[in-house]
Number of protein chains: 2
Amino acid sequence: MASSIHDLARHLNISIGTVSRALNGRADVNADTRQRVLDAAAKLNYSPNQSGRSLRRGSTHSIAFMLQPHPGDQQYGEPFFIPFLTGLQAKLAESGLDLIVVMGAPGDYQQERLRRVVETRRADAVVLAWTRREDERIDYLTRVGFPFATLGRSRSGGKSYPSLDLDFEKAGAEAVDRLVARGHRRIAAIRPSLNLNFGYLFLAGYRKALRRHGIEVDPGLIAEGFINEAGGYEVTPQVMRSKDPPTAIIFNNDAMALGGCKALAEMGIKPGHDIAVIVIVDTPLCRYFSPALTAFRPPLEPMGRRLAEMLLASIPAFAGTEGARIIREVWPLELIARDSD
Amino acid sequence: MASSIHDLARHLNISIGTVSRALNGRADVNADTRQRVLDAAAKLNYSPNQSGRSLRRGSTHSIAFMLQPHPGDQQYGEPFFIPFLTGLQAKLAESGLDLIVVMGAPGDYQQERLRRVVETRRADAVVLAWTRREDERIDYLTRVGFPFATLGRSRSGGKSYPSLDLDFEKAGAEAVDRLVARGHRRIAAIRPSLNLNFGYLFLAGYRKALRRHGIEVDPGLIAEGFINEAGGYEVTPQVMRSKDPPTAIIFNNDAMALGGCKALAEMGIKPGHDIAVIVIVDTPLCRYFSPALTAFRPPLEPMGRRLAEMLLASIPAFAGTEGARIIREVWPLELIARDSD
DNA sequence: TGTGTTGTCGTAAACGTTTACGGAAAAACG
DNA sequence: CGTTTTTCCGTAAACGTTTACGACAACACA
């Protein structure tokens, strides 16, 4: 059933060495024999055993993406990653690499799982998402010298690895600009823990833009909640109950926005009518919510493709002739104007 | 850096055979030496090279899930799979197995990718989703004798493999019952290709229930569309323009429902007011849509856990002492009543 | 004809494990 | 004390590849 290179060799009456060389396109094999080997391989539908190959080669020819279930979302997950992974996989496939997605258990923030992947050498490199401001995964990977790239930036690990991030800072500022241009001066920001780097960046852009417009930053209008629906639901009333309540809210996350809008509805406040709402990262929920939420949309599939390129370019073994180089990019987010602001 | 079993053996002045036996918990090794081996392994943080191990053992100790990007949804993917995968991974981890998710390219319906996984022996078994009524993946896997389990049923492959499905037939019937009880007699069904098995099952339930209520099945009220938003948008006006238009619509898919509701809105018809709408499989979109859509919700995470159990039970090498058995289950869907019907 | 070059292939070692087998020492038994 | 059993460990083969090395033939060149 499982035809090996020995079967091929026996079938053709040549040595396994020649078969291997023929299959791997090496120069020192007669054009005629190569063709015979290729034909036989197709006929016996032989394909090389991955374990044997990577044992000998010392590389697995596959890249791992660490997928972490979003904390606190039991019922459904984010639709965010699939197009990103589609792009990632498409680009990796062009280089003959496999993408494998490693699921983390909901609790442990991947450390356990990541160690396992690295130590058992299950992949040649990993891709991380949900980067934190200080990220122990990045510390670990740089410490042991394992190749990786990140979706999102971090302060950990210096500039030693490729990263692709979205410009949350600019998005935060743009959101403020847009609201100010429409006459708002009291603008609230609802965000997750600053430990999540995109939360930190967003807040920085928000602050900077406010100051640029000569508006004082009011700590009472900034609230931190758990990064899910419950977090938004819980924290939104706090800013609304400040003595001088906001006329606009920027949510840093779609789930928090939905929870927040629920809280607003219960207070009789209607987004797009009584208050302006902007969401930093768009998902289908923003589009179909009523009113449809104005949001910034990330180009997920191209990001996946690009990060794959960047990762490969950073690894000498994969970066063609040009040698390894570390690329770090920050992409803009596109504002999709809808009905909520 | 990469410490091997040889390093361990040299460090302890014993043979690699003994080290391996100690690590693998075999009986014929002195309790004292075993302890020393374990300590040394922890100290040098040794963990076995996966390639070497699976080459020798002939098994990879990992299960592959074939993830197919939903056809036609470029911008975002379904939030459906993450909780399912969480359950799957949790249960597999309890048996020391790894879950890897293999991304398919958007076009090829996985055949290419699946062959690759099987032929290179990258996993010991695979899990399939989006089963079709006649499923070439299932045919292929049974033909080559590769272990697998499916989320969803199929006519292919007989009863030779474990499967876990939702009772779409019952859900379709329940939806009809509910609508009839509320006075509807003209009930439309909007569904994807019957090739997708859940579409087939849904329609069967729909038909059966209508007949049970003595209502004639009107082909003009049944429409088939592409399984995405555009499909629903395109096809919904067709049923609405029939000479005796429906007073209720059952959508077989959340994306189709959203597209359909958009079309209804453009015709000035308001779900929950002018027409009743029920969706067969719930997602967050149904919850946050306005009006919130009544839908049937699947228990995704438990389904993942259960399918993992069923898969393991079907493979002699993993099923403890009890021997292999094929389990097939069909789970009920729970109706979540909201505002659209 | 002798020497060097080129093209093609076989041999064998190596990657890191696991495990069947056998052997030596220790323990049990008469 | 001699024999048998048990306990423990080392040896070596095997899993399926890739690849360094050398061998051999053919060919070119002087």
Side-chain angles (χ1 to χ4, degrees), chain A residues 1-38 40-41 44-62 96 98 116 118-124 317, chain B residues 1-38 40-41 44-62 96 98 116 118-124 317:
Chain A
M1 169 120 308
S3 74
S4 84
I5 205 173
H6 290 93
D7 301 328
L8 264 190
R10 202 171 327 117
H11 181 257
L12 292 169
N13 260 339
I14 59 181
S15 79
I16 62 166
T18 307
V19 174
S20 177
R21 278 189 300 263
L23 257 23
N24 290 10
R26 304 201 93 78
D28 57 346
V29 45
N30 185 292
D32 176 66
T33 32
R34 157 165 302 128
Q35 198 44 249
R36 284 174 47 229
V37 170
L38 258 31
L44 305 188
N45 74 34
Y46 163 81
S47 57
N49 179 300
Q50 192 57 231
S51 304
R53 167 173 278 185
S54 46
L55 176 58
R56 169 62 219 228
R57 281 194 178 155
S59 83
T60 63
H61 253 236
S62 62
D98 286 329
R116 208 179 148 83
V118 169
E119 288 175 0
T120 63
R121 277 150 217 91
R122 199 177 258 289
D124 296 342
Chain B
M1 168 120 308
S3 73
S4 83
I5 206 172
H6 290 93
D7 302 327
L8 263 190
R10 204 172 323 117
H11 181 259
L12 291 169
N13 259 338
I14 58 180
S15 79
I16 62 166
T18 307
V19 174
S20 177
R21 279 189 299 262
L23 257 23
N24 289 11
R26 305 201 95 78
D28 56 348
V29 46
N30 185 292
D32 176 65
T33 33
R34 158 166 300 133
Q35 199 45 247
R36 285 173 48 227
V37 170
L38 259 30
L44 306 188
N45 72 37
Y46 162 81
S47 56
N49 179 300
Q50 191 58 227
S51 304
R53 167 173 279 187
S54 46
L55 176 57
R56 169 62 219 229
R57 280 194 178 156
S59 84
T60 63
H61 254 237
S62 61
D98 286 329
R116 208 179 149 82
V118 169
E119 288 175 0
T120 63
R121 277 150 218 90
R122 198 176 258 290
D124 295 343

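Order of the sequence lines sets the chain letters (A, B, ...), proteins ahead of strands, with each chain counted from 1. Since we're looking at a predicted model, the values are computed, not measured.
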Quiz item: Which whole-number value in Å describes the distance from B:I16 CD1 to C:dA20 C1'?
Solution: 14 Å
Self-check item: Euclidean distance, atom CG of residue A:N24 to atom C1' of C:dT8 [Å, nearest integer]
Solution: 17 Å
Quiz item: Taking only N and O in the side chain of A:S15, is any of them less than 4.0 Å away from OP1 or OP2 of C:dG10?
Solution: yes
Exercise. Give one of base, sugar-phosphate or nothing for A:R26, where a contact means two heavy atoms less than 4.0 Å apart.
Key: sugar-phosphate
Exercise. Specify the separation, in whole Å, of atom CD1 of A:I14 and atom C1' of C:dT8.
Key: 11 Å
Self-check item: Inter-residue atom distance A:R10.CZ - A:I5.CD1, 0.5 Å rounding
Solution: 12.0 Å
Quiz item: Heavy atoms under 4.0 Å, any strand shown: does A:D28 hit a base, just sugar-phosphate, or nothing?
Solution: base
Quiz prompt | Sugar-phosphate, base or nothing in reach of B:T33, heavy atoms under 4.0 Å | solution = sugar-phosphate
Quiz item: Within the distance-only criterion (no hydrogens, no angle test), does the side chain of B:N30 pair as donor or acceptor with the backbone N or O of B:D32 below 3.5 angstrom?
Solution: yes
Self-check item: Nucleotide interval of DNA chain D bounded by contacts with chain A (heavy-atom cut-off, under 4.0 Å)
Solution: D:dG16 to D:dA20
Quiz item: When we call it a touch if two heavy atoms are under 4.0 Å apart, what does A:S54 touch: a base, just sugar-phosphate, or nothing?
Solution: nothing
Quiz item: Checking all strands, does B:S20 fall into the base, sugar-phosphate, or nothing category for heavy-atom contacts under 4.0 angstrom?
Solution: base
Quiz item: For the side chain of A:D124 and the backbone of A:S59, is there at least one donor-acceptor N/O pair under 3.5 Å apart?
Solution: no
Quiz prompt | Residue mapping more 5' on DNA chain D - nearest nucleotide basis, A:L55 or A:G17 | solution = A:L55
Quiz item: Hey, what do you get for OG (A:S3) to CG (A:L8), rounding to the nearest 0.5 Å?
Solution: 6.0 Å
Quiz item: Taking C-beta and beyond as the side chain, do A:T18 and A:V37 meet within less than 4.5 Å on heavy atoms?
Solution: no
Self-check item: Nearest-Å distance for atom pair NE2/C1', residues A:H6 and C:dG10
Solution: 13 Å
Quiz item: Taking A:S20 for the side chain and A:I16 for the main chain, is one N or O donor matched with an acceptor at less than 3.5 Å?
Solution: no
Quiz item: Any side-chain heavy atom of A:Q50 within less than 4.5 Å of one from B:R122?
Solution: yes
